[in-house]
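Just below is one structure, and these are the notes that go with it.
Whatever order the structure lists them in is the order used to number ligands and atoms, beginning at 1. For the numbers below, each heavy atom of this structure counts, side chains included, while hydrogens, waters and symmetry mates do not. In this chain, residues are counted from 1 in sequence order.
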Amino acid sequence: MGLWGGRFEVSTDEAMRRFGDSIGFDWRLYQADIKGSVAYASALSRAGLIDSEERDLLAAGLAQVQAEFETGAFEVQAGDEDIHTAVERRLGEIIGPVAGKLHTGRSRNDQVATDLRLHLLAEAGTLRDALHGLLEVIVVRSEALLEIVMPGHTHMQQAQPILFSHWLMSFFWRFHRDVERLDEVRRRTATLPLGSGALAGNPFNIDRQALAADLGFAAVSQNSVDAVCDRDFVVEFLAWAALVQVHLSALAEDLILWSSQEFGFVQIDEAYSTGSSLMPQKRNPDSLELLRGKTGRMVGHLIGLLTTLKGLPAAYNKDLQEDKEGLFDAIDTLSMGLPIAGGVIRTLHVNGARMRNALDDGMLATDLADYLVRRGVPFRESHHLVGRAVRRAEELDVPLRELAIAEYQAIHPDFGVDVYQVFDFDRSVAARAAEGGTARVAVRSQIARARVLLADH
Ligand code: ARG
């Protein structure tokens with residue numbers, strides 16, 4: 001007798017059964033499912049539908065099913081369509097007919113929505129810790145590498161000198177916003193659907209507030225039709241996960257480029273690199289390439305679910321079973337990827353000398369314009385004048401610092417011999433001391449602020 005045994009004469013086509021089964025992936029929800037059922041048994045007993053002995057029997061049986069999952073003893077059987085039916089089937093084998101009372105007033109529709117939220121809330125806590133770990137590594141290394149000056153790029157063209165730590169800390173802020181966003185997603189996920197039934201609500205006067213408190217939810221859903229089909233929290237989580245992966249990918253891309261022989265700014269530690277089966281000299285940044293490459297599937301999961309949800313009729317439809325695999329994969333991908341990113345940064349070899357050698361006088365052109373500005377020349381004009389100096393230096397094939405004073409003064413009389421003091425990369429960095437700038441004092445206070453935020457997490 002299947003779940004709907006009474007109604008059907010013909011048994012399900014075998015291929016159809018396999019097509020519809022979700023146990024192959026939703027077994028992961030066993031903890032959430034059992035937790036939800038234990039709480040629901042309490043709710044049933046509070047509502048007077050079962051007595052306290054039956055409630056305890058259900059709870060003890062469910063504990064045994066959980067133990068079987070945890071020890072690997074649980075055996076999935078034909079007919080175990082999904083995690084909910086599998087747990088209930090096994091519960092019946094262990095405790096007998098009382099197991100049949102557990103589903104009173106409950107539907108797999110409010111059950112699965114509850115399980116998924118519980119599962120996501122638990123996993124989000126772990127992912128938050130992983131992000132926190134990455135943030136800590138970023139802060140520690142930024143603090144340790146404060147001496148290093150490097151060429152900063154825009155449009156991948158040399159722009160202005162910055163501290164390497166300033167570049168690295170830029171990722172602190174991206175990932176810190178990711179922590180904040182995750183907390184927002186968790187807040188909205190913590191709404192309880194259980195007690196919504198199939199779509200119309202629970203007819204047994206279940207105390208949903210008590211259920212929510214038991215299960216650690218902050219609120220109960222206010223509309224049973226919405227509650228059984230609301231997967232906004234999964235969409236939000238997948239959007240969050242895709243953005244985290246985009247951030248990891250951006251971090252990876254800079255480091256992959258800088259680890260190339262042409263740059264040689266950094267070297268990825270051997271622990272996070274691979275060799276080539278053909279070329280003995282190769283040291284490939286596979287760790288970072290995978291962090292970059294996995295962005296495709298992460299964005300795909302978000303688009304996939306949005307597409308599934310688009311145009312679904314109200315309340316539960318089986319389409320919603322498609323909400324899980326992308327979610328699980330997104331969780332797995334980040335659970336693996338975040339510690340890898342942390343490991344790469346923790347062990348990264350940074351070649352400050354190579355970075356310094358790559359600094360070109362052209363990167364001080366803005367400072368040169370600022371020199372004139374400090375002598376009262378409007379910036380738009382000084383920008384133009386320095387452009388002429390750059391062109392003149394190019395014509396004479398000399399760096400800006402070797403352009404003769406007569407050349408500078410021919411361009412503008414306000415250029416004095418002290419103009420050559422501008423040609424100092426450290427001075428250029430130190431000048432950008434306003435809050436948020438690359439001056440060492442500013443980066444130090446940026447790091448101090450980051451530490452306060454980390455302590456607040
Ligand atoms: N396995 C189903 C899912 O993941 C559980 C809910 C099934 N509900 C139903 N009415 N068939 O969505």
Side-chain angles (χ1 to χ4, degrees), residues 1-8 10-13 15-37 40 62 65 69 74 76-91 100 102-123 189 191-203 215 221 223-235 237-238 301 304-332:
M1 184 185 82
L3 281 177
W4 42 80
R7 165 75 178 79
F8 280 53
V10 176
S11 57
T12 314
D13 174 82
M16 172 55 214
R17 190 185 60 70
R18 283 198 302 273
F19 189 57
D21 282 358
S22 54
I23 186 72
F25 48 88
D26 69 10
W27 61 267
R28 286 195 193 215
L29 298 174
Y30 76 86
Q31 259 181 359
D33 194 72
I34 288 167
K35 187 175 173 186
S37 286
Y40 196 68
L62 286 163
V65 177
F69 268 103
F74 190 95
V76 173
Q77 290 184 3
D80 288 349
E81 188 186 318
D82 53 25
I83 184 63
H84 326 291
T85 52
V87 169
E88 203 182 314
R89 185 264 307 154
R90 183 68 189 126
L91 182 64
L102 179 61
H103 215 52
T104 309
R106 187 173 71 169
S107 156
R108 281 183 299 156
N109 299 351
D110 57 348
Q111 188 178 1
V112 71
T114 303
D115 290 5
L116 205 56
R117 283 174 189 264
L118 280 173
H119 183 74
L120 182 50
L121 286 169
E123 296 288 349
T189 301
T191 295
L192 177 79
L194 197 57
S196 297
L199 83 165
N202 186 294
L215 289 170
S221 58
N223 181 305
S224 57
V225 172
D226 176 46
V228 293
C229 62
D230 173 13
R231 296 295 184 274
D232 293 1
F233 66 102
V234 186
V235 171
F237 177 81
L238 291 176
H301 294 325
L305 181 61
L306 283 170
T307 310
T308 293
L309 295 176
K310 183 210 166 282
L312 275 193
Y316 183 85
N317 297 271
K318 186 77 164 190
D319 312 48
L320 291 173
Q321 183 165 287
E322 290 293 311
D323 60 2
K324 291 174 199 62
E325 287 159 288
L327 174 66
F328 296 157
D329 184 70
I331 292 168
D332 288 347

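For R117 and D230, the salt-bridge test passes: some basic side-chain N is under 4.0 Å from an acidic carboxylate O. The pair R108-E81 counts as a salt bridge, with a side-chain nitrogen and a carboxylate oxygen less than 4.0 angstrom apart. In this structure, D26 does not pair ionically with K324, as no charged nitrogen and carboxylate oxygen lie closer than 4.0 Å. Of the charged side-chain nitrogens involved, none lies within less than 4.0 Å of a carboxylate oxygen, so that R17 and D13 do not count as a salt-bridged pair.
In this structure, atom 5 (C) of ligand 1 lies nearest to the protein heavy atom D82 OD2, 3.4 Å. In terms of protein heavy-atom proximity, atom 6 (C) of ligand 1 is nearest to Y316 OH, 3.5 Å. From the protein, the heavy atom lying nearest to atom 2 (C) of ligand 1 is Q321 OE1, 3.2 Å. Of all protein heavy atoms, the one closest to atom 11 (N) of ligand 1 is R108 NH2, 3.4 Å.
Checking only distances, N109 does come within under 3.5 Å of ligand 1, N or O to N or O. Residue S22 has at least one N or O atom closer than 3.5 Å to an N or O atom of ligand 1.
Side-chain contact between V112 and H84 is present, with heavy atoms from C-beta onward closer than 4.5 Å.
Heavy-atom separations between E81 and ligand 1 are all 4.0 Å or longer.
Residue K324 approaches ligand 1 through these ligand atoms, each under 4.0 Å from one of its heavy atoms: 3 (C), 4 (O), 12 (O).
At distances below 3.5 Å, not a single donor-acceptor pair connects side-chain atoms of N317 with backbone N or O atoms of D319.
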